Amino acid sequence: MSDKLKTIIQNNTANIGVIGLGYVGLPLAVEFGKAGFNVTGIDISEKRVAQLNAGDNYIADVDDEEFNELISNGRFAATTSFDVVRKLDVVSICVPTPLNKLKDPDVSYIISVVDELIKYLHDDLLIVLESTTYPGTTRELVLPKLEDAGYPIGEKCFLCFSPERVDPGNPVYQTHNTPKVLGGITETCTDLGVELYKKIVSEIVPVSSPEAAELTKLLENTFRSINIGLANEMAIMCEKLGVDVWEVINAAATKPFGFMKFTPGPGLGGHCIPIDPHYLSWKMKSLDYKARFIELAGEINTGMPIHVLELIGKGLNRIKKSLNGSKVLMIGVAYKKDIDDVRESPALDVLKLLELEGATVDYYDPFVPKIHWNGTTVTGISELTEEIIKDYDAVAILTDHSNIDFGFVLTHSTLIIDTRNVYPADNNDHVLRLGVG
Ligand code: SAJ
């Protein structure tokens, strides 16, 4: 069975499907198309499918010209219906795995995709799950559905987990040059997965099981969350010690081995780092184990917006003002510099906390013209002028975008709370810096 599948993968005649055409799925589909495969994208959104089939690429990391070439030479087409799976030999699943309101894993997207897939299963189909999820998802959630449908894994169908490592906007690492970890249910599954991905990625890292692959991804992002949590706690300790945390971190970073630089900030944003570690701690709870590092880092990181609020209150207090009734301008709402993504952005938490204290808050972010806030749409300040800046009692810098003239902001602000070390010098009396006593 698998020899036939292996051959059509090796000679690029396998028909490939990618389910979920977001910042992971679309670049993946394009890479397979560029490698010479016929690729079908499956997405739940009619709008997205229509956009893509019209050659309208909405993912910044995907090159418009390359994408349109695939469309015009018929290498890529998108659809909302799963019946195309009957004609596919390979399917990669790249759907979201968020947290629900209780901060528990929400694997409903994976479940609904697999429930659709099993309607169109056939012999010799390779399925690769890429969505970040807790260890065991592939074997405990996906495999039983496939086998209950009459397709024993490793014989009729083949199943692997291979974590996505897409870092949107990364100028150096894209899908093709980021090593790809992959673990199959059986050796044959792993072999087929390796044959497939080595067509588009320069380095494949096979591991012994899907659990090892699932946990690899979670370790990568838990490592970041915990180290960012340490940097944030160092900032709080430095404020109490009267030391400059940025100076200390930069000095520590001169150590050529055994140290990796992380910096404090207003909190932890993005669609990966604040979320992925909770997939692991949730799974461990089901095994009666408390993943203490993850929980503590989560507490510290989610506590940073409150700490920023305290800093703003402290700064206003110095000029005999209170949060209540003050006008605060937040500079930057994206979760990190030079991107337009506000998902889980700590700036939104700071905004909520400021408004709860009775402050009037506006924001300026050249990458984010408007945000959906409290059921309404809030439009950011369109440009920073001297007159506008002077109209605010305090300016809080939450995202240090490269295209903002922070010198201009320094000159015209009455009070600045700097959470990103934009003003490293310590001779600006009207600047209150996170992590500096
Ligand atoms: N942050 C800090 N201090 C730091 C680093 C980050 O406060 O030292 C904050 C950022 O401001 C942001 C959040 O943490 O709010 C997450 O930042 P991130 O740099 O981890 O960026 P992400 O969320 O885009 O993470 C992605 C991840 N990629 C994948 O999951 C495939 C992550 O694994 C990458 O390491 C990261 O990009 C990266 O290195 O850019």
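From a predicted model like this one, the values you see are computed outputs, not experimental measurements. We count ligands from 1, going down the list as the structure has it; atoms in each ligand are counted the same way.
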Nearest 0.5 Å, please: how far is CG in D61 from CD in Q174? 6.5 Å
Other residues, nucleotides, ligands: >12 heavy atoms within 6.0 Å of K240 NZ: no
Only one of K180, R165, K217 forms a salt bridge (Lys or Arg N to Asp or Glu O under 4.0 Å) with E130, so which one is it? K180
Suppose we screen for side-chain contact (heavy atoms from CB on, under 4.5 Å). Which residues come up paired with D167, at least two apart in sequence or across chains? N170, K336
Any N/O pair K261/ligand 1 closer than 3.5 Å: no
In this structure, CG of N428 is separated from CD1 of I416 (nearest 0.5 Å) by 7.5 Å
Select the closest option to atom 16 (C) of ligand 1 among G332, G270, G269, judged by heavy-atom distance. G269
4.0 Å heavy-atom contact, R224 with ligand 1: yes
Got more than 12 heavy atoms from elsewhere within 6.0 Å of NZ, K370? no
May I ask you to identify the nearest protein heavy atom to atom 37 (O) of ligand 1, giving residue, atom name and distance to one decimal place in Å? D167 OD1, 2.9 Å
T414 side, atom OG1; L316 side, atom CG - distance, nearest 0.5 Å: 10.0 Å
Examine ligand 1 and decide if any of its atoms is less than 4.0 Å from a heavy atom belonging to H271. no
Looking only at protein heavy atoms, which one is nearest to atom 33 (O) of ligand 1, and what is the separation? N221 OD1, 2.6 Å
Ligand-residue contact atoms, ligand 1 with R165, heavy atoms, under 4.0 Å: 31 (C)
Taking the basic N atoms (NZ, or NE/NH1/NH2) and the acidic carboxylate oxygens, is any pair closer than 4.0 Å for D391 and K327? yes
Could you tell me whether K217 and ligand 1 have an N or O pair separated by under 3.5 Å? yes
Which residue and atom name correspond to the protein heavy atom nearest atom 17 (O) of ligand 1, and how close is it? K336 CD, 4.2 Å
Show the atoms of ligand 1 that are less than 4.0 angstrom away from any heavy atom in C272. 30 (O)
Out of all atoms in ligand 1, which are within 4.0 Å of some heavy atom of F262? Include the element for each. 8 (O)
For I273, take its heavy atoms, then give the atoms of ligand 1 lying under 4.0 Å from any of them. 16 (C), 20 (O), 23 (O), 25 (O), 32 (C)
Classify the contact between N170 and ligand 1 as side chain, backbone, both or neither, using a heavy-atom distance cut-off of under 4.0 Å. neither
Kindly write out the residues that satisfy side-chain contact (heavy atoms from CB on, under 4.5 Å) with P135, not counting sequence neighbours, or none if the list is empty. E214, L215, L218, L280, K283
Among all protein heavy atoms, pick the one closest to atom 12 (C) of ligand 1 and tell me residue, atom and distance. Y335 O, 3.3 Å
Just let me know how E344 lines up against ligand 1, side chain, backbone, both or neither, with a heavy-atom cut-off below 4.0 Å. neither
Atoms in ligand 1 flagged as close to V166, the criterion being non-hydrogen separation under 4.0 Å: 28 (N), 29 (C), 31 (C)
For atom 6 (C) of ligand 1, the closest protein heavy atom turns out to be I228 CD1, 3.5 Å
Rounded distance [0.5 Å steps], CG in N301 versus CG in L230: 10.0 Å
Between the NE2 atom in H271 and the OG1 atom in T132, the distance rounded to the nearest 0.5 Å is 9.0 Å
A student checking ligand 1 against L268 at a 4.0 Å heavy-atom cut-off should list atoms 13 (C), 14 (O), 15 (O)
So for M260, does at least one of its heavy atoms come nearer than 4.0 angstrom to any atom of ligand 1? no
Rounded to the nearest 0.5 Å, how far does OG1 of T97 lie from OH of Y279? 4.0 Å
Can you find an N or O of D276 that's nearer than 3.5 Å to an N or O of ligand 1? no
Going by the order shown, which atoms of ligand 1 are within less than 4.0 Å of some heavy atom of R420? 11 (O)
Salt-bridge test for K34 and E31: reply yes if a basic N is under 4.0 Å from a carboxylate O, no otherwise. yes
Quick one: which ligand 1 atoms are inside 4.0 Å of a heavy atom on T263? 2 (C), 3 (N), 4 (C), 7 (O), 8 (O)
